[in-house]
Colleague: 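I am attaching a structure below and will ask some questions about it afterwards.
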Number of protein chains: 2
Amino acid sequence: MNALPAESIDCIFADPPYNLQLTGELRRPNDSVVDAVDDDWDKFASFSEYDAFSKAWLAAAQRILKPSGTIWVIGSYHNIFRLGAQLQDLGYWMLNDVVWRKSNPMPNFRGKRFTNAHETLIWCARSQDAKGYTFNYDAMKALNDDLQMRSDWLIPICGGSERLRGADGAKTHPTQKPEALLHRVIVASTKPGDVILDPFFGSGTTGAVAKRLGRHFIGIERDKTYAKAAERRIATVQPSTPDDVEVTRSKKDEPRIPFGWVVERGLLPAGTVLVDPTRRHSAKVRADGSLVTADASGSIHKIGAHVMGATACNGWTFWHIVVEGKLVPIDVLRQKLRAELP
Amino acid sequence: MNALPAESIDCIFADPPYNLQLTGELRRPNDSVVDAVDDDWDKFASFSEYDAFSKAWLAAAQRILKPSGTIWVIGSYHNIFRLGAQLQDLGYWMLNDVVWRKSNPMPNFRGKRFTNAHETLIWCARSQDAKGYTFNYDAMKALNDDLQMRSDWLIPICGGSERLRGADGAKTHPTQKPEALLHRVIVASTKPGDVILDPFFGSGTTGAVAKRLGRHFIGIERDKTYAKAAERRIATVQPSTPDDVEVTRSKKDEPRIPFGWVVERGLLPAGTVLVDPTRRHSAKVRADGSLVTADASGSIHKIGAHVMGATACNGWTFWHIVVEGKLVPIDVLRQKLRAELP
DNA sequence: CCCGAAGTTGAATCTTACA
DNA sequence: GTGTAAGATTCAACTTCGG
């Protein structure tokens, strides 16, 4: 990076090592071993060593950014907080933090934590007084069904035919990012003809998407295997013509409403008694949204089936609350909640 | 906080000042002024002043946390990266970062950034080697329609009748958190009877939800107006009965039943043949509760792992008896035994 | 060739009690 | 402190295999 001229880059996308600090192996319930990211390039002796590494490349990035340029940095909780603090200390000016919500994350196999279902991106201008950075507000709005693009993006992880694999079927790069993520980053914050730098090029997703979208790119990669794979990959990419309208509409995720949310939001206090349409059966609501009867506990659906002696049951229409002597199906509470969703 | 005894707190929820650094006022497209957070308590002269403040209270928090205690810290991109780095530097061990997705965020009025639609929570154990922290995995799963709870939570901002307002209709506190958010935090990471500390009590959401869910709480608040409002608010809260705050329990909490007892009690006579779900493997029960195959003997778990060629196995769910041609897991015998126990 | 079942896999800081 | 054993634990997407 130090070889590049000062103030020459429009946008930087950086996906640095995450410093995962994994110890031992993790197995799925079916006893198979999780293929962890245990590459040498992700290992640092300490936080301070990682910080020194980060500070060096972030400072180098700042020098080569145009005054109107912006930088994107992606990470997980292992490293993103350190990177964010460094960005602020170096005088970068945060514009947004953006959450990449994975539609298909790896589950938590031991049941000891929440499913780690997102990564965080930080988007910064070069300095507080930097003016004139690119944000294609209307393109983002169009991409989001004419609503302002929010700071949480739902995008699947990289797999299928998009994922680069060797002859043996093994992943070419352990952490290849999905092109949809780069597509949104590049459409949001650059113009056609801009120069985009990726200092941790890896499998070259940034280059592939930049080329397709008519942006120039510079990729820096230390590992020759990765670099060659990226080169081959990008060679096959067809740039779109300027008047090509890229429309990757956001997949509207059908709002699934777990019953627990109804309790959590206070629409139904813990301890409320629900009854079935005949009032023959009843069950009590607990704080976690499960139901209890004299001899069982579980979801509204399971307990509904249980008291009927059936194999399945739609708890939303089966269970009712009693309001002024009248039965009201709990489904009306779900509808109330749905109306509030984005 | 320094007045509290060491290792006395089960859980801390902290919503510190955000260090917003707003300059000038922000106007909506219709020229009305946005009521921004511009209180004195949110002003810090520099990042390093904010860091010193953060380090002081985070260290004090670490002292009074039980070894098995956990801490939650919430913030936005203005401060959360600094807090996250500090937590790591102090030796806290991150369990998750969690994204609060706001279903109804304030739109971005200038069209120069993404709509800031989320805040970030960090959940930490007191140290890397801290074991036995509370995570009510099954309760979270119940709350989410029997799917693992993810690290992104969709919850509306605090408004309507929940929002505290003065006689003039003005917000009592500028950053009052929704009770639904605290509900999830408290149900996830504490048990009934636990002590929860909130060092930035504000309008007292933590106290209100803690009281309702049968947890003890300690609130610290410098501003007397806020403290009084919180006191009045919490006085009106009705605690749920102990039964109602029970949540779905983990299997680990159930009393342990050695397989030998099943044989001893005559639920399974010695000599019974057990099979795995595919009926590919079988083993015979001996009078001491061990299993034998052609080439090995040992516990239900050891032999299960052995016949599968796996490193581990839950024998209770792996082995089955054949009843009228159907497979029944031996776990039902354990449940039968558990039901008989005091 | 099609369809359903079965198997594989993904940036993961992933157990606990007791001897 | 350490070692051993009990036994709890997964979602969505893609690929492969068998009929």
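Protein chains get the first letters and strands the later ones, always in sequence-line order, with residue 1 at the start of each.
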Colleague: Calculate the interatomic distance between A/Asn108 atom CG and D/dA12 atom P; express it in whole Å.
Modeller: 15 Å

Colleague: Mind checking A/Gly24 for me? I need base, sugar-phosphate or nothing, with any heavy atom below 4.0 Å counting as a touch.
Modeller: base

Colleague: Determine the Euclidean distance between corresponding P atoms of D/dA5 and C/dA12; express it in Å to zero decimal places.
Modeller: 31 Å

Colleague: Touch check for A/Asn116, heavy atoms < 4.0 angstrom, all strands: base, sugar-phosphate only, or nothing?
Modeller: sugar-phosphate

Colleague: Report the distance from atom CZ of A/Arg27 to atom P of C/dT8, rounded to the nearest whole Å.
Modeller: 14 Å

Colleague: Please measure how far the P atom in C/dC14 lies from the corresponding atom in D/dG7, and state the result in whole Å.
Modeller: 23 Å

Colleague: Could you state the atom-to-atom distance from CG of B/Asn136 to P of D/dT9 in whole Å?
Modeller: 13 Å

Colleague: Please give, in whole Å, the distance from C/dT13 P to A/Glu25 CD?
Modeller: 16 Å

Colleague: Give a yes or no on whether the backbone of A/Arg110 and the side-chain of A/Asn108 come within a donor-acceptor separation of less than 3.5 Å.
Modeller: yes

Colleague: Would you mind reporting whether A/Arg338 and A/Ile257 have side-chain heavy atoms less than 4.5 Å apart?
Modeller: yes

Colleague: Quick one: is the NZ or CZ of B/Arg184 closer than 6.0 Å to the six-membered ring centre of B/Trp153, and within 45° of its axis?
Modeller: yes

Colleague: Is B/Ser299 touching bases, backbone alone, or none of the nucleic acid, heavy atoms closer than 4.0 Å?
Modeller: sugar-phosphate

Colleague: Base, sugar-phosphate, or nothing for B/Ile300, non-hydrogen atoms under 4.0 angstrom?
Modeller: nothing

Colleague: Return one dot-bracket line describing DNA chain C 5' to 3' (Watson-Crick or G-U wobble pairs, both distances under 3.5 Å; ( ) same strand, [ ] crossing, | another strand, . none).
Modeller: .|||||||||....|||||

Colleague: Would you mind listing every salt bridge (charged side-chain N to carboxylate O under 4.0 Å, His left out) that reaches into residues 126-137 of chain B, with sequence neighbours excluded?
Modeller: B/Glu7-B/Arg126

Colleague: If we only count heavy atoms from C-beta on, is the B/Trp261 to B/Leu267 side-chain gap below 4.5 Å?
Modeller: no

Colleague: So, OP1 or OP2 of D/dA8: does either fall under 4.0 Å of a side-chain N or O from B/Asn314?
Modeller: yes

Colleague: Of B/Tyr92, B/Tyr133, B/Trp123, which is the lone residue that meets ring-ring contact (aromatic ring centres under 6.0 Å, His included) with B/Trp72?
Modeller: B/Trp123

Colleague: Looking at B/Tyr133, I'd like to know whether one of its side-chain N or O atoms comes within less than 4.0 Å of OP1 or OP2 on C/dC14.
Modeller: no

Colleague: Quickly work out the B/Met149 CE to D/dC11 C1' distance and round it to whole Å.
Modeller: 15 Å

Colleague: Without decimals, in angstroms, what is the distance between B/Trp316 CH2 and D/dT9 P?
Modeller: 15 Å

Colleague: Determine the Euclidean distance between corresponding P atoms of C/dC18 and D/dA8; express it in Å to zero decimal places.
Modeller: 14 Å

Colleague: When you look at A/Asp288 and B/Thr248, which way does the side chain to side chain donor-acceptor pair (under 3.5 Å) test go after all the steps?
Modeller: CA-CA 7 Å; A/Asp288 62 353; B/Thr248 308; 2.6 Å; yes

Colleague: What distance, rounded to whole Å, do you find between the two C1' atoms, one in D/dT10 and one in C/dT8?
Modeller: 13 Å

Colleague: What contact category does B/Arg334 fall into here, base, sugar-phosphate, or nothing, at under 4.0 angstrom with non-hydrogen atoms?
Modeller: sugar-phosphate

Colleague: Is a side-chain donor or acceptor of B/Ser189 paired with a backbone partner of B/Val185 at a separation under 3.5 angstrom?
Modeller: yes

Colleague: Over how many whole Å does the gap from A/Ile80 atom CD1 to C/dA12 atom P extend?
Modeller: 16 Å

Colleague: Is there any protein nitrogen or oxygen under 3.5 Å from a nitrogen or oxygen in nucleotides 9-11 of chain C, and what are the pairs?
Modeller:
| residue | atom | partner | partner atom | Å |
| --- | --- | --- | --- | --- |
| C/dG10 | OP2 | A/Lys171 | NZ | 3.0 |
| C/dG10 | O5' | A/Lys171 | NZ | 3.3 |
| C/dG10 | N7 | A/Arg28 | NH2 | 2.5 |
| C/dG10 | O6 | A/Arg28 | NE | 3.2 |
| C/dG10 | N2 | A/Pro105 | O | 3.2 |
| C/dA11 | OP2 | A/Arg163 | NH1 | 2.6 |
| C/dA11 | OP2 | A/Arg163 | NH2 | 3.3 |
| C/dA11 | OP2 | A/Pro174 | O | 3.2 |
| C/dA11 | N7 | A/Lys177 | NZ | 3.1 |
| C/dA11 | N6 | A/Asp15 | OD1 | 3.3 |
| C/dA11 | N6 | A/Pro16 | O | 3.1 |
| C/dA11 | N1 | A/Tyr18 | N | 3.1 |

Colleague: How many Å lie between NZ on B/Lys252 and P on C/dA17, as a whole number?
Modeller: 8 Å

Colleague: Should B/Lys141 be listed as having a side-chain N or O under 4.0 Å from OP1 or OP2 of D/dT10?
Modeller: yes

Colleague: By nearest nucleotide on DNA chain D, pick out whichever of A/Arg110 and B/Gln148 is the more 5' one.
Modeller: A/Arg110

Colleague: Is the backbone of A/Trp100 close enough, under 3.5 Å, to the side chain of A/Glu119 for a donor and an acceptor to pair up by distance?
Modeller: no

Colleague: Cation over ring, A/Arg82 on A/Phe47, under 6.0 Å and within 45°?
Modeller: yes

Colleague: Quick one: is B/His301 getting a side-chain N or O under 4.0 Å of the D/dG7 phosphate, OP1 or OP2?
Modeller: yes

Colleague: Across the strands shown, which category fits B/Ile257 at heavy-atom distances under 4.0 angstrom: base, sugar-phosphate, nothing?
Modeller: sugar-phosphate

Colleague: What form does the base of C/dT13 take, syn (within 90° of 0) or anti?
Modeller: syn

Colleague: Do A/Tyr50 and A/Asn79 have side chains that get closer than 4.5 Å, going by heavy atoms?
Modeller: yes

